[in-house]
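For reference, the structure discussed in these notes is given below.
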Amino acid sequence: MDAFEYRHGELYCEDVPLREIARTAGTPTFVYSRATLEGHFDRLQSAFAPIDPLICYSVKSCGNLSVLRTLAARGAGMDVVSIGELHRALEAGVDAKRCVYAGVGKRDDEIIAAIEAGIGLLNVESESEFENIARIAAALRTVVRCALRINPDVDPKTHRYTSTGKKETKFGVDLERARRFFQLYGRDEYAKLEGLHLHIGSPIYTVEPYVEALTKTCALIEELAIDGIDIRSIDLGGGFGADYESAQSPSAQQYADAILPLTVGLKARGVQFFLEPGRSIAANAGVLLLSVLYTKHSGEKRFAICDAGMNALLRPSHYGSFHFTWPVHPAEEMVPPIRSSTLTMPGLIAQDIVGPLCESGDFLAVDRALPPLARGDLLAVFTAGAYGMSMASRYNSSPLPAEVLVSGARVELIRRRETVDDLLEHERDVTVLI
Ligand code: LLP
């Protein structure tokens, strides 16, 4: 699952005790394991080897340059959704040709920059967006490969905020309109519409939604072939699950076993495949390391107040997500055998793990059975590598956490902790505009 484990009663990342990381880097800090990032990438690559996909890591899940470089060195391309993310990918040394660019609201300057950089594929989400891309590509006299994001009306059975493949979402074009879309725009001289893009939601813990979506996509490809349109690439999207609880998610191989049989005909046509996983690579590769500042009672409730909360990890507050949270150095008999929302052992006490912000919604766990906590304890919030730092905010003028990357016994600071001075950097110089 990952390289975070209790050894001799304390939590290690690979060969380094988290206590040592807290001592040197301070808290709050996101700690990533290189071996876990690489292992997850390699497993996806080998599971899907029969279709030889370009695996474009989803930068939005965890975009630190060192993480991107680690994955690029393994052969990853990048899935980007903004010029900021493209900039990160390029800075990490990834060729723009190995990047796919999605997103419902690409600005003109972003489209221009992506085309000029030589983007591998622009994923198009609407008729008006395509017309804009075609206009810009013609003005630049540059050919750009495009894929239409289709919305196969499949329920991924995940949180409604991250469900993207049902008919009534803002993403993509429904199947009925897709055929017409290709008839209208499929022969543009500069914006070469030649692929299909799918991303139905995240996380998706069963294989059926993928099977259903791909089955509908194959039917569309047949219809398009009748119209004389040849689909050259399919991007199957991301959305594979992660282990927020032990063994919660299907493995890369289980996803592949369900999806691959549907790709046989497409492969025979010479279709090129893309995948855009983020969470399944990064989530279990990171923990958020925190310190308990204070403990207190309020009525019947007990609180452990930590040095970060929703500002560092928004997911519990925003989606009600479960993140297994445990002391880094628990009492000997309280080393957790598994990560589970229903873990029981003698001596656990229900507590809320909260942050320092001025919001009642600033929590990481509510009524969670945990060992008794005290000021100064270190806590690890697990499965925080994806959509942790990338969704962190500076609310309440909280400087962003540090990020470190562990490789065996080596620990690198890959993003220094922000200072209060950093917070003011963009406000000191005032420019008169009008
Ligand atoms: N491709 C597209 C077009 C996407 O929109 C996403 C995620 C991905 C790939 C990567 O999905 P993944 O493999 O990481 O599941 N903030 C939420 C997740 C939002 C996902 C948005 N799109 C969370 O914390 O759960």
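Quick note: residue numbers are just sequence positions, from 1. Counting convention: from 1, in listed order, for ligands and their atoms alike.
- With hydrogens left out, the protein atom closest to atom 24 (O) of ligand 1 is R315 NE, 2.6 Å, a heavy atom.
- Ring geometry for F181 versus F130: interplanar angle over 60°, hence perpendicular rather than tilted (30 to 60°).
- Using a cutoff of 4.0 Å between basic side-chain nitrogens and carboxylate oxygens, R415 and E418 are scored as salt-bridged.
- Ion pair R302/D352 not flagged as a salt bridge, since none of the NZ, NE, NH1 or NH2 atoms sits closer than 4.0 Å to an Asp/Glu carboxylate oxygen.
- The pair R177-E127 meets the salt-bridge criterion, with a side-chain N (NZ, NE, NH1 or NH2) lying under 4.0 Å from an Asp/Glu carboxylate O.
- Every atom of ligand 1 is numbered from 1 in the order shown, and the set under 4.0 Å from a heavy atom of R279 is 12 (P), 13 (O), 14 (O), 15 (O), 18 (C), 23 (C), 25 (O).
- Taking the charged nitrogens against the carboxylate oxygens, D235 and R149 have no contact shorter than 4.0 Å, which rules out a salt bridge.
- The N/O atoms of H197, backbone and side chain alike, include none that comes under 3.5 Å of an N/O atom in ligand 1.
- Residue contacts with ligand 1 do not include A386, since none of its heavy atoms lies under 4.0 Å from the ligand.
- Checked for salt-bridge contact, K60 and E85 miss the test: no charged N lies under 4.0 Å from a carboxylate O.
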Apply the test side chain to side chain donor-acceptor pair (under 3.5 Å) to residues D108 and N132: give CA-CA distance (whole Å), side-chain angles for both, the deciding distance (0.1 Å), then the verdict. CA-CA 8 Å; D108 288 11; N132 194 34; 2.7 Å; yes
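- Under 4.0 Å from ligand 1, not a single heavy atom of H159 appears.
- Taking a cutoff of 4.0 Å between a charged side-chain nitrogen and a carboxylate oxygen, R107 and E129 do not qualify as a salt bridge.
- Per-residue contacts place G239 under 4.0 angstrom from the following atoms of ligand 1 (heavy atoms of the residue considered): 11 (O), 12 (P), 13 (O), 15 (O).
- The ligand atoms of ligand 1 that sit less than 4.0 angstrom from a heavy atom of S58 are 8 (C), 9 (C), 10 (C).
- Of all the heavy atoms of E276, the ones lying under 4.0 Å from any atom of ligand 1 are found in both the backbone and the side chain.
- Looking at atom 19 (C) of ligand 1, its nearest protein heavy atom turns out to be T162 CG2, 3.8 Å.
- At a heavy-atom cutoff of 4.0 Å, ligand 1 is contacted by the side chain of D79 but not by its backbone.
- Only the side chain of H199 comes within contact range of ligand 1, with a heavy atom under 4.0 Å; no backbone atom does.
- The R149 neighbourhood of ligand 1 comprises atoms 3 (C), with distances under 4.0 Å to a heavy atom of that residue.
- Atom numbering of ligand 1 starts at 1 in the shown order; those under 4.0 Å from a heavy atom of G238 are 9 (C), 13 (O).
- The protein heavy atom nearest to atom 15 (O) of ligand 1 is S202 OG, 2.4 Å.
- A heavy-atom separation below 4.0 Å is found between Y319 and ligand 1.
- Among all non-hydrogen protein atoms, the one lying nearest atom 20 (C) of ligand 1 is Y387 OH, 3.7 Å.
- Between D188 and R135 there is no salt bridge, since no side-chain N of the basic residue sits under 4.0 Å from a carboxylate O of the acidic one.
- Taking every non-hydrogen atom of M391 and a distance limit under 4.0 Å, the qualifying atoms of ligand 1 come out as 16 (N), 24 (O).
- Counted by atom type alone, S58 and E276 present zero donor-acceptor pairs between their side chains at under 3.5 Å.
- Of the charged side-chain nitrogens involved, none lies within less than 4.0 Å of a carboxylate oxygen, so that K106 and E125 do not count as a salt-bridged pair.
- Scanning all protein heavy atoms for the shortest distance to atom 21 (C) of ligand 1 gives K60 CD, 3.9 Å.
- Contact atoms of ligand 1 toward G278: 12 (P), 13 (O), 14 (O) (distance under 4.0 Å to a heavy atom of the residue).
- Using a 30° and 60° split on the angle between ring planes, H159 and Y319 fall in the perpendicular class, above 60°.
- Counting the atoms of ligand 1 from 1 in the order shown, those under 4.0 Å from a heavy atom of P277 are 13 (O).
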